[in-house]
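No hydrogens, no waters, no symmetry mates; every other heavy atom, side chains included, goes into these values. On a predicted model such as this, the values are computed, not experimentally measured, just so you know.
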Amino acid sequence: KGVLFDMQIQSSLIYIESDYLHLKGLEICHFAQKPGIRASSALFSYTSHSIFENIDYHHNGLAMVIRGNSTDNLVLNCDFHNNYDPYNTNPYCNADGLNIAETSPSTVNTVKGCRFFENADDGLDLWNNEGVVVIDSCWAWLNGYREDGVTKGGDGAGFKLGQTKSSDYTVYKRFLTNNISVSNRNFGITQNAAKCKMFICNNVFYNNKQMGIYFSASWGDASHIIRNNI
């Protein structure tokens, strides 16, 4: 674990390992990937009880990252856009807008009033997030394209809700309400192997090139609530 921390500290532009923070009004940009060097995050955090407000995170190599036992965080009214990772082994497949990933089952994090657009991979990615995530009143559009906005990039989901390493169908772990996800290269939202219950209500999914809402029986048989969506 110490070695992993050292790698993150050395490669990230901003590395946070502290609680009860309020970061507001920061523009974090142009920490771009260089040829021959793996892409790194411009803001990588292990933090709890913190607020990230009015952050403009753009033209970086990887997403802003919240990870580990980080809980009770609020990401509020932020913009995540135009992040690209052209020099990876699998080019353009890791540059999301925001990545709340590799988190433990006890965590609860909220994303509210944020915009995710024109990122090479996905807007918001919850990879290996075992905890609860609330996504409310957010926008996602035109994710999954390269810098020209036309050429195929990464996965291209507005909101990617998994995967999870374990199956837990006892409580709702994903809440998506009052969001808009449009014109993404593949999906408005995708379950993406998140084996947990989800509450998806009062959202709009329009003009996504594959599906607005993508769930699969191969990803478990949880009793989701999906209603009042357009």
Just checking, any donor-acceptor pair under 3.5 angstrom between side chains of [X] and [Y]?
X      : Y      : answer
Asn229 : Asn203 : yes
Ser104 : Asn69  : yes
Asn82  : His58  : no
Glu118 : Asn143 : no

Residue pairs meeting ring-ring contact (aromatic ring centres under 6.0 Å, His included), one or both in residues 209-230, sequence neighbours left out, come to Phe187-Tyr214, Tyr214-Trp219, Phe215-His224
Nearest-0.5 Å distance that lies between atom [atom1] in [X] and atom [atom2] in [Y]:
X      : Y      : atom1 : atom2 : result
Arg67  : Asn129 : CZ    : CG    : 10.5 Å
Asn83  : Phe116 : CG    : CZ    : 11.0 Å
Leu176 : Ile189 : CG    : CD1   : 5.5 Å
Tyr15  : Ser40  : OH    : OG    : 13.0 Å
Thr103 : Leu126 : OG1   : CG    : 8.0 Å
Cys114 : Leu76  : SG    : CG    : 6.5 Å

Any side-chain heavy atom of [X] sitting closer than 4.5 Å to one from [Y]?
X      : Y      : value
Lys173 : Pro105 : yes
Asp56  : His81  : yes
Tyr57  : Ser41  : yes
Phe175 : Val132 : yes

Working for side-chain contact (heavy atoms from CB on, under 4.5 Å), residues Ser183 and Asn207: CA-CA 5 Å; Ser183 300; Asn207 196 41; 3.0 Å; yes
Side-chain donor/acceptor of [X] to backbone N/O of [Y], under 3.5 Å:
X      : Y      : answer
Asp85  : Gln33  : no
Asn54  : Asn77  : yes
Ser50  : Asn73  : no
Arg115 : Gly113 : yes
Ser48  : Asp19  : no
Asp125 : Asn99  : no
Tyr92  : Lys152 : no
Asp96  : Asp122 : yes
Arg185 : Gly156 : no
Asn186 : Asp155 : yes

If you compare all heavy atoms of [X] against all heavy atoms of [Y], which two are closest, and at what distance to 0.1 Å?
X      : Y      : value
Thr190 : Ala157 : CG2-CB, 3.9 Å
Ser223 : Lys197 : O-CE, 3.7 Å
Ser181 : Phe159 : CB-CE1, 3.8 Å
Gly154 : Cys93  : CA-SG, 3.9 Å
Thr107 : Gly68  : CG2-O, 3.9 Å
Glu130 : Ser166 : OE1-OG, 2.8 Å

Could you please spell out the steps behind the side-chain contact (heavy atoms from CB on, under 4.5 Å) verdict for Met64 and Ile28?
CA-CA 9 Å; Met64 173 179 147; Ile28 304 172; 6.0 Å; no
> Under 6.0 Å from the NZ atom of Lys24, do we count more than 12 heavy atoms belonging to anything else shown?
Replying inline: no
Q) Counting only heavy atoms not in Tyr169, do more than 12 sit closer than 6.0 Å to its OH atom? A) yes
Next item on the list: Fit a plane to each ring of Trp141 and Trp139, take the angle between them on a 0 to 90° scale, and name the class: parallel (under 30°), tilted (30 to 60°) or perpendicular (over 60°).
Entry: perpendicular
Classify the ring geometry of His30 against His59: parallel below 30°, tilted from 30° to 60°, perpendicular beyond 60°. parallel
In terms of hydrophobic clusters joined by side-chain contacts under 4.5 Å, are [X] and [Y] together?
X      : Y      : answer
Leu43  : Leu124 : yes
Trp127 : Met198 : no
Phe31  : Leu98  : yes
Leu161 : Val108 : no
Ile135 : Ile51  : no

Tell me, with the steps shown, if Ile213 and Gln191 meet side-chain contact (heavy atoms from CB on, under 4.5 Å). CA-CA 8 Å; Ile213 302 175; Gln191 182 184 4; over 6 Å; no
For the pair Asp136 and Thr177, evaluate side-chain hydrogen bond (donor to acceptor under 3.5 Å, both in side chains) and give the outcome as yes or no after the intermediate values.
CA-CA 5 Å; Asp136 180 64; Thr177 54; 2.7 Å; yes
Checklist line | Trace of the side-chain contact (heavy atoms from CB on, under 4.5 Å) decision for Cys201 with Ile225 | finding: CA-CA 8 Å; Cys201 184; Ile225 292 180; 5.9 Å; no
